[in-house]
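Residue numbering restarts at 1 for every chain, and letters A, B, ... go by the order of the sequence lines. Hydrogens, waters and symmetry mates play no part in the numbers below; they use all other heavy atoms, side chains included.
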Amino acid sequence: MPREITYREALREGLDEELAHDENVIIIGEEVAEYNGAYKVTEGLWKKWGDKRLIDAPISEAGFIGMGIGASMLGIRPVMELMFYSFAYVAFDQMMNNAATCRYMSGGLTHCPIVVRGPANGGTNVGATHSHTPENIFANMPGLKVVSPSDAYDVKGLIKSAIRDNDPVYFMESTVLYGMTGEVPSNDELEDGELIIPLGKAKVKREGSDISLIAHGRAVVTSLLAAEILAEKYDINAEVLDLRSIRPLDEAAIMETVRKTHRAIYIEENKPFCGVGAQISSMIMEQAFDDLDAPVLRITSADAPAFYSPPIEKLQLPTAEEIVERALTIC
Amino acid sequence: MAAKTKSKPTAEYADAPINASLTDEDKIELLRKMVRIRRFEQTSLKHYQGDKIGGFLHLYIGQESVAVGSISLLGDHDHVITAYRDHGHALAVGMGMNECMAELFGKATGCSKGKGGSMHYFAPDKNYWGGHGIVGGQTPLGAGLAFGVKYKGLKGSCLCYLGDGAINQGAFHESLNLASLWDLPVIYIIENNGYSMGTSQARSSAYPEGGLAQRAEGYNMAWDKIEGVSIYEIRAGVQKALERAHEESRPTLIEIMTYRHKGHSVADANAEKYRTKEEIQKYMQEHDPIDFWKRTLIDEGVITEDDYKKMNKEAGDEANAAAEFAEKSPFPDESAIFDDIYWEVDNNTEAGRTGRHFFHK
Ligand SMILES: Cc1ncc(C[n+]2csc(CCOP(=O)(O)OP(=O)(O)O)c2C)c(N)n1
Ligand SMILES: [Mg+2]
């Protein structure tokens with residue numbers, strides 16, 4: 001029986017292994033230590049690693065993230081948790097200006113090996129201030145890397161790479177995914193003795209031949225559901241490609257699936273304007289125009305702030321039904 | 001409710017002119033406001049647990065005296081803004097239980113049409129400017145409301161509430177400097193309930209001996225520290241700051257000591273881990289602001305225990321009726337998703353009709 005653990009547990013394992021792997025790795029954030037994490041991602045780590053490695057921060061996002069950037073210049077590898085990625089906006093200058101440009105402005109004399117991680121999703125009725133999805137915003141800035149894992153296997157392998165990476169990596173999770181289980185081999189089942197997934201490698205999560213559903217984050221789960229419906233009800237065989245990492249981006253994998261199916265939809269829980277899908281569809285148009293049998297479509301969250309009311313917020317996010325409906329218009 | 005209240009009102013506060021002028025009716029009204037807040041929240045908790053309410057629910061139970069005492073002092077040009085633990089302030093400024101409960105239920109009849117939820121109540125007609133979910137985010141707005149009042153030449157102020165955890169946000173420090181530098185009539189009220197989520201004040205804040213508000217000295221600003229269980233003490237202290245705002249257009253930073261009986265939010269699984277059961281019990285039994293004010297009024301001969309029971313029942317009935325109203329109200333229409341984003345579009349102006357504003361599909 002392959003081992004099944006939750007996304008949350010897989011993430012925690014990755015963090016735990018990196019704390020063991022490098023004594024310069026530290027975890028800083030609100031309620032990450034004594035409280036065991038607002039979403040229990042870091043549960044047990046403070047007990048195991050103590051005050052030096054797990055640090056509870058006051059509610060001062062600009063301060064503690066900026067501090068992490070400074071410390072990283074001396075070789076510390078801070079992994080900083082945002083209780084919600086929405087709170088990144090409080091630390092925007094540090095994350096966008098300092099982390100992204102110090103290397104450039106110093107002519108390569110400095111670098112910034114930090115990770116800022118936390119849930120970046122809507123759909124949990126916590127209102128507009130707590131439901132932002134800023135992956136496109138941060139991916140817009142050269143110097144930054146943006147990762148958005150959709151399952152337990154990926155989140156473990158990607159967090160380990162993110163921590164070992166020598167550039168700032170913004171790692172966006174989802175509170176909705178934390179409880180989802182998936183197969184994650186234990187280290188003794190692995191040839192290399194550990195699970196490392198390089199940033200910039202997309203993964204085909206479902207093979208298909210008729211249409212490519214390309215997505216990141218939780219939208220991958222929604223796309224997989226849609227692919228099942230398309231197969232069962234409409235005899236359409238969809239391929240689902242999970243970007244996993246948004247910047248760096250696996251351009252080759254995108255073109256490969258498009259050349260195979262000749263149709264593509266980009267699905268994301270991000271907003272539409274200059275969303276990740278806008279970048280992808282423009283690249284497909286430039287590089288695989290002759291392979292397309294239909295325009296590339298994009299499915300995103302509604303172009304509005306998150307609505308609190310539970311039944312209405314549900315309508316704001318992409319659903320499998322919506323994907324099926326749009327897919328049928330081009331298949 | 002346990003009759004063990006230990007805190008005692010000192011004559012000093014009861015005799016302050018602002019309290020000496022209170023009629024019996026005024027005093028009863030203050031009690032009624034606190035009781036209504038508590039029954040409203042207890043009822044909301046029941047419906048949260050019954051899955052009628054989504055998202056977060058941060059209860060104010062134990063802190064009612066702070067909002068009720070301070071807001072009772074306000075006039076036409078005094079404004080209020082607070083964080084996400086906002087139900088108490090909302091009812092204290094006179095918002096109705098119906099629209100507040102319907103907001104929690106996500107209904108179209110809610111104060112924010114079901115869009116904001118528990119953390120984002122608004123009522124500009126009552127000088128109540130939210131309900132803000134980002135810790136510390138409301139503090140520059142508080143300075144801005146005070147700026148607006150002053151700019152218009154009005155004698156008014158803004159009461160801006162924040163938690164003991166919020167004082168460590170940069171935006172708050174910038175606000176303090178602006179408020180003092182530009183002589184803004186803003187009163188920052190730190191509701192110190194001892195914890196920011198599971199982090200005690202000692203683990204989150206560096207501060208001088210006089211407490212959190214003494215940080216104001218660094219900004220050449222007046223400050224005060226108030227024991228929050230007593231309505232008399234709160235009113236006497238905040239009144240001084242209000243006079244400073246009205247007469248001198250100067251800001252004040254006030255720390256009011258209080259305690260939340262419940263967890264940080266209803267989802268706080270560790271509510272009894274980072275603080276002891278004994279500590280919680282002690283505050284509930286000996287420093288409950290409602291129990292305290294009730295005792296005060298009974299001692300003063302203003303009410304009887306039976307009057308209190310009746311008031312309590314009426315508030316409970318009102319809260320239940322509000323829940324029924326909320327339950328029966330319709331959910332917002334799907335089309336409401338694209339309303340209330342741009343003023344120009346909502347009002348179908350020339351500007352609102354020019355260029356594309358939305359990009360869905
Ligand atoms: C910028 C930001 N960071 C973190 C949070 C998550 N959060 C919400 S409330 C809270 C604790 C705030 O404590 P305090 O200011 O003392 O207010 P209290 O909850 O005690 O009323 C935290 C960490 C948030 N909403 N916004
Ligand atoms: Mg607090």
Side-chain angles (χ1 to χ4, degrees), chain A residues 30-40 55-64 66 83-84 86-87 89-91 93-94 123-132 271-275 278 297-316 318 322 326, chain B residues 51-56 84 103-108 110 112-120 131-137 163 165-172 196-200 203-206 264 267-270 273-274 331-334 336-341 357-361:
Chain A
E30 290 153 25
E31 311 294 349
V32 295
E34 295 192 23
Y35 193 90
N36 278 317
Y39 285 98
K40 301 278 173 272
I55 303 168
D56 275 327
I59 311 170
S60 308
E61 287 84 1
F64 76 76
M83 197 179 285
F84 282 81
S86 292
F87 309 156
Y89 299 166
V90 175
D93 177 54
Q94 299 302 326
T124 58
N125 323 130
V126 287
T129 56
H130 283 57
S131 305
H132 293 289
K271 304 270 181 269
F273 196 95
C274 298
L297 302 183
R298 296 192 294 138
I299 298 177
T300 66
S301 281
D303 197 17
F307 207 122
Y308 156 68
S309 186
I312 310 300
E313 192 190 7
K314 218 185 234 168
L315 305 174
Q316 293 189 300
E322 185 183 0
R326 304 286 311 280
Chain B
D51 267 349
K52 294 286 179 194
I53 298 171
F56 290 133
Y84 46 85
E103 187 61 30
L104 299 181
F105 279 57
K107 297 301 180 78
S112 301
K113 302 182 199 157
K115 289 184 165 169
S118 162
M119 300 193 287
H120 309 111
H132 294 266
I134 296 298
V135 168
I167 62 162
N168 299 314
Q169 284 289 32
F172 177 53
S196 49
M197 270 188 84
T199 303
S200 67
R203 292 205 301 121
S204 70
S205 306
H264 167 69
D268 179 359
N270 294 350
K273 286 189 185 153
Y274 53 81
F331 280 109
D333 194 73
E334 185 175 353
I337 289 173
F338 296 103
D339 294 339
D340 309 318
I341 298 174
H357 287 75
F358 297 105
F359 297 86
H360 191 49
K361 282 181 205 164

Non-hydrogen atoms of chain A under 4.5 Å away: do they reach the side chain of [X], the backbone, both or neither?
X	result
D340(B)	neither
I167(B)	neither
I337(B)	both
H357(B)	backbone
A269(B)	backbone
K273(B)	neither
F331(B)	side chain
M197(B)	both

What I'd like to find out is whether the side chain of Q169(B) reaches to under 4.5 Å of the side chain of E61(A), using heavy atoms alone. yes

What I'd like to find out is whether the side chain of K115(B) reaches to under 4.5 Å of the side chain of Y308(A), using heavy atoms alone. no

Assess the residue pair D268(B) and Y35(A) against the criterion (side-chain contact (heavy atoms from CB on, under 4.5 Å)); give the C-alpha distance rounded to whole Å, side-chain angles, the decisive distance to 0.1 Å, and a yes or no. CA-CA 10 Å; D268(B) 179 359; Y35(A) 193 90; 2.6 Å; yes

Any sub-3.5 Å donor-acceptor pair from D303(A)'s side-chain atoms to F358(B)'s backbone N or O? no

NZ/K113(B): more than 12 non-hydrogen atoms of other groups inside 6.0 Å: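 No, because the 6.0 Å sphere around NZ of K113(B) holds 12 heavy atoms or fewer from other groups.
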
Return the option, out of [options], with the maximum number of heavy-atom pairs under 4.5 Å with chain B.
options	result
N125(A), V90(A), I299(A)	N125(A)
A306(A), A302(A), P310(A)	A302(A)
T129(A), V126(A), I59(A)	I59(A)

What part of K40(A) gets within 4.5 angstrom of chain B, counting heavy atoms only: side chain, backbone, both, or neither? side chain

Quick one: what part of T124(A) sits under 4.5 Å from any heavy atom of chain B, side chain, backbone, both or neither?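 Looking at T124(A), just its backbone touches chain B.
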
If you count heavy-atom pairs within less than 4.5 Å of chain A, which of G170(B), P332(B), A336(B) leads? P332(B)

Ring-plane angle category for F56(B) and F84(A), please: parallel below 30°, perpendicular beyond 60°, tilted otherwise.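 It falls in the perpendicular class, over 60°.
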
With rounding to the nearest 0.5 angstrom, report the OH to NE2 distance, Y84(B) to H130(A).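 Here the interatomic distance stands at 8.5 Å.
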
